[in-house]
Undergrad: 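Take this structure first; my questions come after.
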Amino acid sequence: MKHRTPSRLLAILLAGLLAACAPTQQDGTPAKTQPRSDQAAPGRVAESETRPTAQAVAAAAGTLPTLSATTAPLASTAQPAPPALAKPAPQLAETMAANVARGKALEKKEARQEAGGRMAADRMSVAVQPQPAPYALAPMPPEARERYSPLADNPVKQVAEAPVSTFSIDVDTGSYSNVRRLLNAGQLPPADAVRVEELINYFPYDYPLPTDDRPFAVHSEMAPAPWNAERVLLRVGIKGQDVAKQALPPANVVFLVDVSGSMNSADKLPLLKSALKLLVTQMRAEDRISLVTYASGTRVILPPTPGTEKAGISAAIDALQAGGSTAGASGIQLAYAAAQQSFIKGGINRILLATDGDFNVGIADTRQLKSLIEEKRKSGISLSTLGFGTGNYNEAMMEQIADVGDGAYSYIDSLMEGHKVLVNELTSTLATIARDVKVQIEFNPAVVREYRLIGYENRQLAREDFNNDQVDAGDIGAGHTVTALYELTLAGSKSSVDPLRYAPQASAEGPLGNELGHLKLRYKQPGASTSQLIDFTLQRQAIKALDAASSEFRFASAVAAYGQLLRGGKYTGNWSYAEVRQLALANTGSDPYGYRGEFLRLIDLAAALGSKPGS
């Protein structure tokens with residue numbers, strides 16, 4: 001705070017006091033002090049005292065306005081006092097009193113002006129003072145733009161009304177690793193993200209290999225459902241012929257990599273590059289690798305390069321940087337052109353599309369992309385998808401374009417998953433041993449009253465599609481295992497739906513009375529256009545007690561129950577995660593890669609996150 005300026009009255013009195021202390025004569029010598037008779041009278045000043053000039057007063061008081069005419073006698077130049085005359089005391093006292101009164105009035109006025117100035121300054125300070133910052137709010141989470149295809153559970157069907165079930169096999173595993181990613185992040189997956197068949201097929205099963213010249217073997221097993229003893233589970237298991245890595249035909253592989261700005265996070269492009277380099281280490285001299293990228297535009301980064309040039313291929317992958325928009329459709333077209341340029345007749349010709357699926361330039365509609373890829377697959381080039389990232393992940397597109405591209409969909413949530421898909425399961429990922437594999441079961445209404453296919457909701461086919469070789473279906477890779485589970489209600493058991501009153505009743509008597517159903521599969525050899533048929537009957541007496549069923553059957557049943565609970569548990573009754581864990585733990589069997597042990601931890605996570613009351 002600034003010091004206040006002394007008032008005019010104080011300055012005048014001070015100047016007078018200083019002058020009185022040092023009187024001078026006219027010739028400049030100090031004046032002699034004369035005794036005064038009025039020293040005892042307060043307020044009286046001798047006429048002989050030297051008075052200060054107006055300039056001296058102004059200098060003492062600071063820059064002040066000139067005093068009024070009434071105070072002019074006090075501001076006159078110092079003159080020598082008359083030697084014998086002095087002003088009468090009353091007159092001097094009156095003058096001093098008048099001056100004091102005027103000074104007090106002036107001081108009050110000055111105080112009012114000073115107060116007004118302080119108020120104006122305060123108002124100015126308030127006007128320019130910055131407003132206080134609002135309270136800091138917690139940052140909002142980024143908008144979740146992950147996209148999943150709507151999925152409704154397969155309903156219970158009456159054998160009397162619809163005795164035939166037809167579907168395409170599915171070797172995708174992306175739903176399992178995506179669910180794992182969500183659970184590890186502390187979030188229960190949305191129901192549409194859980195495709196139960198992909199959870200079941202994530203695990204390899206110890207099914208017997210084919211013993212004939214067919215590319216795969218088919219096995220069946222039946223036992224009561226763990227969650228409902230009044231139902232029977234039918235498992236259909238397929239085991240593909242395995243092929244050693246060194247026995248694979250030459251491979252022409254095109255890495256199609258999304259390097260748009262949306263890939264600029266640790267779980268996207270950096271993870272993608274590390275995963276692809278794992279595959280590079282498995283390549284042989286006869287294999288060829290190309291690298292195509294897309295962002296705002298498309299570019300061939302690496303022309304077809306022998307698999308032995310691992311350092312150069314890895315360097316090209318390491319140099320990838322994210323930025324720009326996402327012209328995915330243009331990238332797909334360029335990748336097919338690159339694959340066609342280095343096409344190996346009789347070999348493996350495959351595009352691996354690695355992206356988060358967030359296309360925003362050119363063709364972005366999934367239906368249009370599927371049409372594009374359906375046309376391109378006629379060239380003999382397959383397309384598989386590797387999904388990466390969170391937040392804007394378009395899983396709906398990733399799964400569907402892999403299906404029409406005669407490939408498989410995988411989601412890479414960690415480098416360990418990249419190692420599983422691109423190293424441990426390399427032959428399954430690259431080599432196709434059977435194309436357009438379809439399954440059809442006709443149930444015997446005399447033995448089976450109801451059935452429900454667990455999973456495969458988006459793989460359903462019309463009955464007539466089974467014999468139509470123009471209808472696309474799933475492919476089986478070398479060494480793949482595929483599992484499908486049906487929940488059956490046998491005749492004599494309590495049904496979910498009341499039977500029709502006027503429907504004809506089937507009889508269990510006769511030569512077909514012990515047949516539960518007729519299982520058929522169709523497939524094409526790679527490069528063939530005509531399908532081949534496998535078929536056999538399912539016998540009622542093959543049903544075992546659950547404890548007598550194989551460990552692989554019981555573990556697959558536990559995974560099926562887990563997937564259904566994640567989707568809401570519509571058909572699993574009062575079964576809980578604790579019971580799922582107990583069944584899975586007792587049947588982990590051989591687990592060389594630790595997948596089943598990890599599954600137990602995911603059961604614990606789902607139970608802790610509480611998707612079902614009482615679980």
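FYI, the numbering just counts along the sequence from 1.
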Undergrad: If we ignore angles and hydrogens, is there a donor and acceptor under 3.5 Å between the side chains of D356 and S262?
TA: yes
Undergrad: Keeping K376 on the side-chain end and G405 on the backbone end, is there a donor-acceptor pair under 3.5 Å?
TA: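 No, because the side chain of K376 does not come within donor-acceptor range (under 3.5 Å) of the backbone of G405.
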Undergrad: Could you check whether N178 and R181, counting side-chain N and O atoms only, form a donor-acceptor pair closer than 3.5 Å?
TA: yes
Undergrad: Using side chain to side chain contact (heavy atoms under 4.5 Å, CB included), reason through F443 and L488 one step at a time and then give a plain yes or no.
TA: CA-CA 10 Å; F443 291 103; L488 310 177; 3.6 Å; yes
Undergrad: Taking all atoms of both residues into account, what is the closest heavy-atom pair of D192 and L151, and its distance?
TA: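 The answer is OD1-N, 3.1 Å.
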Undergrad: Distance check, rounded to the nearest 0.5 Å: L353 atom CG versus L256 atom CG?
TA: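 Rounded to the nearest 0.5 Å, the CG-CG separation comes out at 5.0 Å.
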Undergrad: How long is the straight-line distance from CD of Q333 back to CG of L372, given to the nearest 0.5 Å?
TA: 5.0 Å
Undergrad: If you define the side chain from C-beta out and look only at heavy atoms, does anything of L386 sit under 4.5 Å from F255?
TA: no
Undergrad: Would you say the side chain of F536 lies within less than 4.5 Å of the side chain of S220, judging by non-hydrogen atoms?
TA: yes
Undergrad: Between the main-chain N or O of A191 and the side-chain N or O of R567, is there a donor-acceptor pair closer than 3.5 Å?
TA: yes
Undergrad: Can a donor-acceptor pair be found, under 3.5 Å and without considering hydrogens, that links the side chain of R147 to the backbone of A396?
TA: no
Undergrad: Would you say that R452 contacts P155 through its side chain, given a criterion of any heavy-atom pair below 4.5 Å between the two side chains?
TA: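 No, their side chains stay 4.5 Å or more apart.
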Undergrad: Would you check if the side chain of S428 reaches a backbone N or O of A478 as a donor-acceptor pair within less than 3.5 Å?
TA: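 Checked: pair present.
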Undergrad: Looking at A584 and I603, what are the two nearest heavy atoms and their distance?
TA: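 Where A584 meets I603 most closely, the heavy atoms are CB-CD1, 4.2 Å.
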Undergrad: In Å and rounded to the nearest 0.5 Å, what is the CG to CG distance from D287 to L430?
TA: 8.0 Å
Undergrad: Classify the ring geometry of Y207 against Y205: parallel below 30°, tilted from 30° to 60°, perpendicular beyond 60°.
TA: parallel
Undergrad: Is R180 salt-bridged to D413, going by a charged N under 4.0 Å from an acidic O?
TA: yes
Undergrad: Do you know the tightest heavy-atom contact between L602 and Y562?
TA: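 So the two residues come closest at O-OH, 3.3 Å.
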Undergrad: So, are K544 and E221 salt-bridged, with charged N and O less than 4.0 Å apart?
TA: yes
Undergrad: When you measure from the side chain of E375 to the backbone of S371, do you find a donor-acceptor pair of N or O atoms at a distance under 3.5 Å?
TA: no
Undergrad: Mark yes or no: K420 above the aromatic ring of Y593, with NZ or CZ under 6.0 Å from the six-membered ring centre and no more than 45 degrees from the axis.
TA: no
Undergrad: Check the orientation of Y202 and Y176. Use parallel for under 30°, tilted for 30 to 60°, and perpendicular for over 60°.
TA: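 Rings of Y202 and Y176: parallel, as their planes differ by under 30°.
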Undergrad: What distance do D406 atom CG and R377 atom CZ have between them, rounded to the nearest 0.5 Å?
TA: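 The distance works out to 5.5 Å.
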Undergrad: Check the pair N154, I454 against side chain to side chain contact (heavy atoms under 4.5 Å, CB included), reporting the backbone distance first and the verdict last.
TA: CA-CA 7 Å; N154 286 325; I454 300 174; over 6 Å; no
Undergrad: Would you check if the side chain of T588 reaches a backbone N or O of R596 as a donor-acceptor pair within less than 3.5 Å?
TA: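 Answer holds: no.
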Undergrad: Would you indicate whether Q539, at its atom CD, is surrounded by more than 12 heavy atoms from other residues, nucleotides or ligands within a distance under 6.0 Å?
TA: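 Enclosed.
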Undergrad: Are the side chain of E395 and the backbone N or O of Y148 linked by a donor-acceptor pair below 3.5 Å?
TA: no
Undergrad: Is any side-chain heavy atom of Y486 closer than 4.5 Å to one of L453?
TA: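 Yes; the side chains approach each other to less than 4.5 Å.
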Undergrad: Identify the heavy atoms of Q564 and T572 that sit nearest to each other, and give their distance.
TA: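 Smallest heavy-atom distance, with atoms named: CB-CG2, 3.7 Å.
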Undergrad: Would you say that more than 12 heavy atoms from the other residues, nucleotides or ligands in this model lie under 6.0 Å from the CD of E464, or not?
TA: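 Yes, CD of E464 has more than 12 neighbouring heavy atoms, counting only those of other groups under 6.0 Å.
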Undergrad: How far apart are the C-alpha atoms of S165 and Y451, what are their side-chain angles, what is the distance that settles it, and do they pass the side-chain hydrogen bond (donor to acceptor under 3.5 Å, both in side chains) test?
TA: CA-CA 9 Å; S165 172; Y451 68 89; 5.0 Å; no
Undergrad: Given the rule in the side chain to side chain contact (heavy atoms under 4.5 Å, CB included) test, do H480 and E425 qualify, once you have shown the distances and angles that lead to the verdict?
TA: CA-CA 9 Å; H480 258 148; E425 300 173 357; 5.6 Å; no
Undergrad: Under 6.0 Å from the NZ atom of K277, do we count more than 12 heavy atoms belonging to anything else shown?
TA: yes
Undergrad: Run the salt bridge (Lys or Arg N to Asp or Glu O under 4.0 Å) test on R459 and D170 for me, step by step, so that the C-alpha distance in whole Å, both residues' side-chain angles and the decisive distance to 0.1 Å come before the verdict.
TA: CA-CA 8 Å; R459 301 294 181 139; D170 181 12; 2.9 Å; yes
Undergrad: Are K438 and D465 close enough, and set up right, to give a salt bridge (Lys or Arg N to Asp or Glu O under 4.0 Å), and what steps lead you there?
TA: CA-CA 9 Å; K438 307 169 187 175; D465 291 342; over 6 Å; no
Undergrad: Taking 4.0 angstrom as the limit, do E552 and K239 come out as a salt bridge?
TA: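 Not counted as a salt bridge, because no side-chain N and carboxylate O are separated by less than 4.0 Å.
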Undergrad: Give a yes or no on whether a salt bridge exists between E399 and R195, defined as a side-chain N under 4.0 angstrom from a carboxylate O.
TA: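 So E399 pairs with R195 through a salt bridge.
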Undergrad: Thinking salt bridges, do D472 and K370 make one under a 4.0 Å N-O criterion?
TA: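 No salt bridge links D472 with K370.
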Undergrad: Would you say the side-chain atoms of Q440 pair up with the backbone N or O of R463, donor to acceptor, closer than 3.5 Å?
TA: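 At least one qualifying donor-acceptor pair exists.
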Undergrad: What's the verdict on side-chain hydrogen bond (donor to acceptor under 3.5 Å, both in side chains) for Y393 and D267, showing C-alpha distance, side-chain angles and the deciding distance?
TA: CA-CA 12 Å; Y393 185 54; D267 60 346; over 6 Å; no
Undergrad: Any chance the side chains of R235 and S557 put a donor and an acceptor closer than 3.5 Å?
TA: no
Undergrad: Between S296 and S325, is any side-chain donor less than 3.5 angstrom from a side-chain acceptor?
TA: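 The criterion, which ignores hydrogens and geometry beyond distance, is satisfied for S325 and S296.
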Undergrad: Ignoring hydrogens and geometry, is there a side-chain-to-backbone donor-acceptor pair from R214 to T211 under 3.5 Å?
TA: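 Looks like no, no N/O pair under 3.5 Å.
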Undergrad: If every non-hydrogen atom of A408 is compared with every non-hydrogen atom of V171, which pair is closest and at what distance?
TA: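 Residues A408 and V171, closest heavy atoms: CB-CG2, 4.2 Å.
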Undergrad: To the nearest 0.5 Å, tell me how far K524 NZ sits from D436 CG.
TA: 4.0 Å
Undergrad: So do the side chains of Q525 and Q532 get within less than 4.5 Å of each other, counting heavy atoms only?
TA: yes
Undergrad: For the atom pair CG (L426) and CE (M283), what is the distance rounded to the nearest 0.5 Å?
TA: 5.5 Å
Undergrad: Can you list the steps and then say if V196 with L485 is a side chain to side chain contact (heavy atoms under 4.5 Å, CB included)?
TA: CA-CA 10 Å; V196 180; L485 292 172; over 6 Å; no
Undergrad: Given side chains that start at C-beta, do those of L272 and I412 come closer than 4.5 Å, heavy atoms only?
TA: no
Undergrad: Mind checking whether Y523 and I534 have side chains closer than 4.5 Å, heavy atoms only?
TA: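 Counting from C-beta outward, Y523 and I534 do come under 4.5 Å.
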Undergrad: Under 4.5 Å between any side-chain heavy atoms of V257 and L269, yes or no?
TA: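 Result yes, sub-4.5 Å side-chain heavy-atom pair found.
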Undergrad: Where is the tightest heavy-atom contact between T481 and N201, given as atom of each residue plus distance?
TA: O-OD1, 4.0 Å
Undergrad: Within the side chain of S330, is there an N or O that forms a donor-acceptor pair under 3.5 Å with the backbone of T298?
TA: no
